[in-house]
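Take a look at the structure below.
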2 protein chains.
Amino acid sequence: MAENKTQKKAGYHHGDLRGQLVSAARRLIEEHGPDGFTMSDACKLAGVSTAAPYRHFSSKEDLLTEVAKDGLIRLRQDSEARAQPLPRGTVEAIAAIGRGYVDFAIREPHIFRLMFSTKSHAGRIEELRSVGRQSYGVLLNEVALYLGESEINDLVNRTSFPLWTHVHGLSFLVIDGKLDVNNFPVDIDEAILFATKSLLPPKPRLEKA
Amino acid sequence: MAENKTQKKAGYHHGDLRGQLVSAARRLIEEHGPDGFTMSDACKLAGVSTAAPYRHFSSKEDLLTEVAKDGLIRLRQDSEARAQPLPRGTVEAIAAIGRGYVDFAIREPHIFRLMFSTKSHAGRIEELRSVGRQSYGVLLNEVALYLGESEINDLVNRTSFPLWTHVHGLSFLVIDGKLDVNNFPVDIDEAILFATKSLLPPKPRLEKA
DNA sequence: TAACATAGTTAGCGATGCTTACATTCGCGT
DNA sequence: ACGCGAATGTAAGCATCGCTAACTATGTTA
């Protein structure tokens with residue numbers, strides 16, 4: 001059982017209860033789904049009483065939003081890590097970002113749904129949107145490189161969007177069990193690569209050196 | 001306010017309580033989300049006591065599954081109706097099916113999510129899957145026509161899948177508000193048509209007359 | 001070291017909402 | 001006409017949880 005970061009586990013004062021609650025919630029949500037998740041479970045896992053969280057979060061929703069935000073940030077880090085080792089601005093790098101997206105969904109399906117859900121986030125949707133845009137930005141940058149564009153312009157946006165749409169849909173189909181091995185022996189890598197190639201325009205000669 | 005089909009509204013015996021509960025649930029879920037939906041609300045809407053549903057459904061989940069099933073059937077009818085007036089086996093017909101898919105999601109986002117969710121359906125997932133396959137079949141048939149294939153073979157499957165994936169993802173992005181007009185002035189028709197064209201292979205000369 | 005802010009505890013309120021045991025009423029076949 | 005079974009009503013059980021009020025313990029600062 002891997003102990004968590006910033007574990008002080010001292011006595012009364014916890015050290016980083018806020019952070020621990022987020023990661024406790026993360027684990028529990030993955031295990032029982034966002035509905036099966038209860039505050040007291042999170043408290044039990046963090047080793048505090050049921051009232052303690054309310055020093056750090058105004059409500060259960062507030063905590064859930066934090067978990068979602070955390071997920072979006074990790075998704076971005078994932079995506080970056082995937083693209084980095086590959087030759088930049090290539091189909092492969094773009095496909096790798098997509099693969100990272102789907103893998104995240106597979107690894108943490110409940111969190112993934114939570115991240116893109118609008119409900120359970122009260123008045124903080126705009127905040128989430130902003131973090132989400134940063135994750136999307138990883139793809140935008142890579143596509144810009146592919147297209148040889150020096151900034152995120154309209155062409156980059158229009159090119160990236162169907163790619164996002166595709167992996168987003170693929171993610172949901174996978175985690176919702178629509179791709180059972182019998183009827184859909186889908187090779188995810190192949191699916192992503194095919195769609196990426198099909199949806200990208202031919203790589204232009206570099207004119208703006 | 002359109003009265004529902006099979007409305008008898010007689011006295012004690014209801015006529016078609018089962019059907020009415022499904023459509024009541026449908027309306028309520030669309031209004032308050034699947035979580036905000038309660039049995040007693042459905043009962044109130046159908047004009048019966050809270051115990052009455054249990055003569056027709058074994059549980060709340062059971063009713064929800066029925067609503068989902070109903071949705072999948074209606075989705076299929078929708079898709080068929082969209083493709084029918086258009087020249088068969090064309091890009092346009094295929095795109096129209098996709099558009100129907102997204103429109104359904106927009107029209108009934110909560111039901112749409114419920115239809116593809118795995119939870120809330122207890123032991124009836126296989127049943128739902130089967131109904132879902134029928135909806136997907138509409139696309140498969142159209143793609144088969146496009147490809148000039150006389151049956152649903154592997155090529156048809158492989159060609160159809162990314163199309164489904166794309167509109168599925170698009171649907172979720174739309175209903176989850178990721179395409180706000182400011183940052184994503186996405187023309188849905190255009191998006192679908194572009195993806196459909198990109199993901200379909202060139203139309204083959206018809207050899208099997 | 002006194003005083004104050006911060007973090008956590010204990011106890012419990014209050015509301016919700018599914019489900020069931022049992023009574024009741026109606027439609028239909030005989 | 002009548003009786004049986006299906007359909008609905010009544011009433012309540014009961015478990016779950018989110019959240020709060022009031023209290024206690026620790027850390028920090030002057």
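Being a predicted model, the structure only gives us computed values, none of them experimental. Order of the sequence lines sets the chain letters (A, B, ...), proteins ahead of strands, with each chain counted from 1.
Using a 4.0 Å heavy-atom cutoff across all strands shown, A52(B) reaches sugar-phosphate atoms only and no base atom. Residue contacts shown for S59(B) are limited to sugar-phosphate atoms, with no base heavy atom under 4.0 Å away.
Of the residues in residues 31-43 of chain B, those lying under 4.0 Å from DNA chain C by heavy-atom distance are F37(B), T38(B), M39(B), S40(B).
An angle of 10°, rounded to 10°, separates the two end axes of the helix from dT1(C)-dA30(D) to dT30(C)-dA1(D), each defined over five pairs.
Ring planes of F112(B) and Y101(B): perpendicular class, angle over 60° (limits at 30 and 60°). Using the six-membered ring where Trp is involved, H168(A) and F172(B) have ring planes that are perpendicular, over 60° apart on the 30 and 60° scheme.
For T50(B), counting side-chain heavy atoms from C-beta on, the closest listed nucleotide (dG12(C), dG18(D), dT19(C)) is dT19(C). With dG12(C), dT8(D), dT9(C) as the choices, the nucleotide that has an atom nearest any side-chain atom of S49(B) turns out to be dT8(D).
Separation of the H110(B) and F37(B) ring centroids does not fall under the 6.0 Å cut-off.
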Could you give the side-chain donor-acceptor pairs of residues 38-53 of chain A under 3.5 Å, partners two or more places apart or in another chain?
residue	atom	partner	partner atom	Å
T38(A)	OG1	D41(A)	N	3.1
T38(A)	OG1	D41(A)	OD2	3.2

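Rounded to an integer number of Å, the gap from L21(A) CG to dG18(D) P is 13 Å. As rounded to whole Å, 14 Å separates atom C1' of dA21(D) from atom OH of Y54(A). Rounded to whole Å, the distance from CZ on R55(A) to C1' on dT10(C) is 13 Å. Residue F57(B) contributes atom CZ, which lies 11 Å from atom P of dT8(D) at whole-angstrom precision. Atom pair H56(B):NE2 and dT8(D):C1' shows a separation of 8 Å (rounding to whole Å applied). Rounded to an integer number of Å, the gap from R18(A) CZ to dT6(C) C1' is 15 Å. Across the protein-nucleic acid pair, L28(B) atom CG and dC18(C) atom P stand 12 Å apart, rounded to whole Å. Remark: P of dG17(C) and CG of L64(B) are 14 Å apart, rounded to the nearest angstrom.
Between L86(A) and A93(A) the shortest heavy-atom distance is CD1-CA, 3.9 Å. Contact record, S198(B) with L199(A): CB-CD2, 3.8 Å, taken as the closest heavy-atom pair.
With respect to the salt-bridge test (charged N to carboxylate O, under 4.0 angstrom), the residues D78(A) and R82(A) do not qualify. A salt bridge links R124(A) and E66(A); the closest N-O separation between the charged side-chain nitrogens and carboxylate oxygens is under 4.0 Å.
In this structure, the separation between CG on L75(B) and CZ on F104(B) is 5.5 Å, given to the nearest 0.5 Å.
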